[in-house]
J.: 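Got a structure here, written out as structure tokens. Questions coming.
Since the structure is predicted, the reported quantities are computational estimates derived from the model, not experimental observations. For the numbers below, each heavy atom of this structure counts, side chains included, while hydrogens, waters and symmetry mates do not.
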Amino acid sequence: MTTAASKQRAQVNPKTAGADARGTIFREVSPEQQAVEQQLVDHVVASFEACEDPRLKELMVALVKHLHSFIREVRLTEEEWGAAIDFLTKAGHITDDVRQEFILLSDTLGASMQTINVNNAAYADATEATVFGPFFVEDSPAIDNGGDMAFEAPGEPCWVEGTVTDTDGNRLAGARIEVWEADETGLYDVQYDAGKRAARAHLFTEADGSYRFWGLTPTPYPIPDDGPVGRMLDAVGRSPLRASHLHFMVSHEGARTLVTHIFPEGDPIGWKDTVFGVKQSLIKRFEPQAAGTPTPDGRVIDGTWSRVRFDIVLAPAGV
């Protein structure tokens, strides 16, 4: 028996009609079938007419249009849509208070980075923002300037120093700096134990806007790849490795809060960062120091260490 659905499928020519310069494939679809599909789009869009929140209405209408456009462009099969729903279901099941698989998905598709670009417009010489990542926690321990945020996490010690200023060059006293990073094994503290706190801390800038602390020399590590996002990356031939980095979140009254990283110059992963977080302005020289080299604060270190300077410029709030 011939159904309406099978008639509609029969009208679709599965042969490739051509491709544009970017490699996008175009498939021939009859005018009658296009009308059927567009009628549904219009019907769904019209369903939001009674929405009283104009921003919510804008978001939902745009989402529906883009989603349906994707389905129509690639001629999505029912099996493929079922696989997508299964993927999202598994992402939900593996997510917990420590692991956020949907953030990993957003990051690896570049959606997190693009949202950050949209919401942190370039302004004067303000430091550029990058991805937040899934391992920030609110209750980081406080350290004084010159303190050690590693809290015995394994890795090579690194001396980090710099200043925090506004875009007019004024030094900002009392700016809060949150810092966090993975240890040399590639794990964050909460991946060992949800209550563990190591290789993360917060401190405040001095009266002259300066800050300094001991951390760890960043090393590359894979994002958690034992879940659906990891399987997606493997299926498309992508590495789960993140470029080496040290996280910062910097806030001050009257300034736009900055979420960013710094990346070591010459990192083996670098621009292949699986979450697309690297920006040229955030690549810094982590200067290697030989064993026995005197440290800035007189700390005695058995072995090598490194040092880096990161001067931070905050944009005004509201820009």
Side-chain angles (χ1 to χ4, degrees), residues 4-5 8-9 11-12 20 22 24-97 99-123 126 128-134 136 138 227-229 232 249 251 254-260 275-277 279 314-319:
Q8 290 174 12
R9 282 196 295 271
Q11 292 172 336
V12 178
D20 68 8
R22 294 173 296 180
T24 301
I25 297 172
F26 296 95
R27 295 175 175 87
E28 294 179 1
V29 180
S30 70
E32 295 82 5
Q33 178 64 20
Q34 291 183 47
V36 168
E37 295 169 5
Q38 186 59 47
Q39 184 178 45
L40 176 59
V41 176
D42 295 341
H43 188 58
V44 179
V45 166
S47 74
F48 300 112
E49 281 301 318
C51 181
E52 296 181 355
D53 183 331
R55 177 59 173 168
L56 177 59
K57 180 179 178 180
E58 178 186 12
L59 293 173
M60 294 304 297
V61 167
L63 174 63
V64 164
K65 288 181 176 179
H66 284 284
L67 177 59
H68 282 249
S69 179
F70 164 75
I71 293 170
R72 298 171 71 187
E73 177 185 326
V74 303
R75 311 312 297 171
L76 192 70
T77 69
E78 293 176 18
E79 292 77 12
E80 289 165 341
W81 186 233
I85 291 172
D86 182 61
F87 174 89
L88 294 173
T89 300
K90 289 176 179 176
H93 287 164
I94 203 170
T95 296
D96 56 27
D97 291 341
R99 175 168 178 163
Q100 233 302 353
E101 195 76 2
F102 286 102
I103 291 180
L104 290 178
L105 178 60
S106 174
D107 289 351
T108 55
L109 295 180
S112 298
M113 194 64 244
Q114 195 68 281
T115 303
I116 288 163
N117 286 339
V118 168
N119 288 274
N120 293 268
Y123 184 89
E128 291 189 281
T130 190
V131 290
F132 195 50
F136 172 78
E138 295 284 353
V229 171
M232 179 272 289
M249 182 166 69
S251 56
R256 184 171 73 191
T257 296
L258 171 70
V259 175
T260 196
V275 306
F276 310 102
K279 293 186 174 182
L314 300 183
V319 300

J.: Pairs of donor and acceptor atoms involving the side chains of residues 59-69, under 3.5 Å and at least two apart or interchain, shall be tabulated with distances.
T.:
none

J.: Which atoms form the tightest heavy-atom contact between Pro316 and Tyr123, and what is the distance?
T.: CD-CE2, 3.3 Å
J.: Considering residues at least two apart in sequence or located in another chain, which fulfil the side-chain hydrogen bond (donor to acceptor under 3.5 Å, both in side chains) criterion with Lys90?
T.: Asp86
J.: Can any side-chain N or O of Ser251 pair as donor or acceptor with the backbone N or O of Thr257 at less than 3.5 Å?
T.: no
J.: Could you report the tightest heavy-atom contact between Phe102 and Thr95, atom names first, then the distance?
T.: CD1-OG1, 4.0 Å
J.: Look up atom OG1 in Thr108 and atom CD1 in Ile103, then write down how far apart they are to the nearest 0.5 Å.
T.: 11.5 Å
J.: Going through the distances and angles, do Leu88 and Leu105 end up as a side-chain contact (heavy atoms from CB on, under 4.5 Å)?
T.: CA-CA 10 Å; Leu88 294 173; Leu105 178 60; 4.1 Å; yes
J.: For Ser47, which residues count as a side chain to side chain contact (heavy atoms under 4.5 Å, CB included) partner, sequence neighbours excluded?
T.: Val44
J.: Is the side chain of Ser106 donor-acceptor paired with the backbone N or O of Ala111 at a distance under 3.5 Å, no angle test?
T.: no
J.: Does any non-hydrogen side-chain atom of Val29 lie less than 4.5 Å from one of Arg75?
T.: yes
J.: Which residues pass the side-chain hydrogen bond (donor to acceptor under 3.5 Å, both in side chains) test with Arg256, not counting sequence neighbours?
T.: none
J.: I'd like to check the salt bridge (charged side-chain N to carboxylate O under 4.0 Å, His left out) partners of Glu138; sequence neighbours left out, ordered by chain and number.
T.: none
J.: Would you give the length of the straight line joining atom CG of Leu40 to atom CZ of Arg72, rounded to the nearest 0.5 angstrom?
T.: 9.0 Å
J.: What's the spacing between Leu258 CG and Glu128 CD if we round to 0.5 Å?
T.: 10.0 Å
J.: Nearest heavy-atom pair of Ala129 and Asn120: which atoms, and what distance?
T.: CB-CG, 3.8 Å
J.: Tell me, please, which residues at least two apart from Asp96 pass side chain to side chain contact (heavy atoms under 4.5 Å, CB included).
T.: Val98, Arg99
J.: Just to verify, what does Gln34 make a side-chain hydrogen bond (donor to acceptor under 3.5 Å, both in side chains) with, not counting sequence neighbours?
T.: none
J.: Pairs in or reaching into residues 105-121: which pass salt bridge (charged side-chain N to carboxylate O under 4.0 Å, His left out), with residues at least two apart or in two chains?
T.: none
J.: Only counting residues at least two apart or in another chain, list the ones meeting side chain to side chain contact (heavy atoms under 4.5 Å, CB included) with Asn119.
T.: Thr115
J.: Got a sec, which residues hit ring pair (Phe, Tyr, Trp, His ring centres under 6.0 Å) with Phe136, two or more places apart in sequence or on another chain?
T.: Phe132, Trp180
J.: Does the side-chain contact (heavy atoms from CB on, under 4.5 Å) test come out yes or no for Glu52 and Lys57, once each step is laid out?
T.: CA-CA 8 Å; Glu52 296 181 355; Lys57 180 179 178 180; over 6 Å; no
J.: Answer yes or no: is there a donor N or O on one side and an acceptor on the other, between the side chain of Ser112 and the main chain of Val131, under 3.5 Å?
T.: no
J.: Looking only at heavy atoms, which two atoms of Ile94 and Gly227 are closest? And how far apart?
T.: CD1-CA, 3.8 Å
J.: Hey, could you give me the CE/CG distance between Met232 and Leu104, rounded to the nearest 0.5 Å?
T.: 9.5 Å
J.: By side-chain hydrogen bond (donor to acceptor under 3.5 Å, both in side chains), which residues pair with Thr77, not counting sequence neighbours?
T.: Glu80
J.: Which heavy atom of Met113 sits nearest a heavy atom of Thr130, and at what distance?
T.: SD-OG1, 3.4 Å
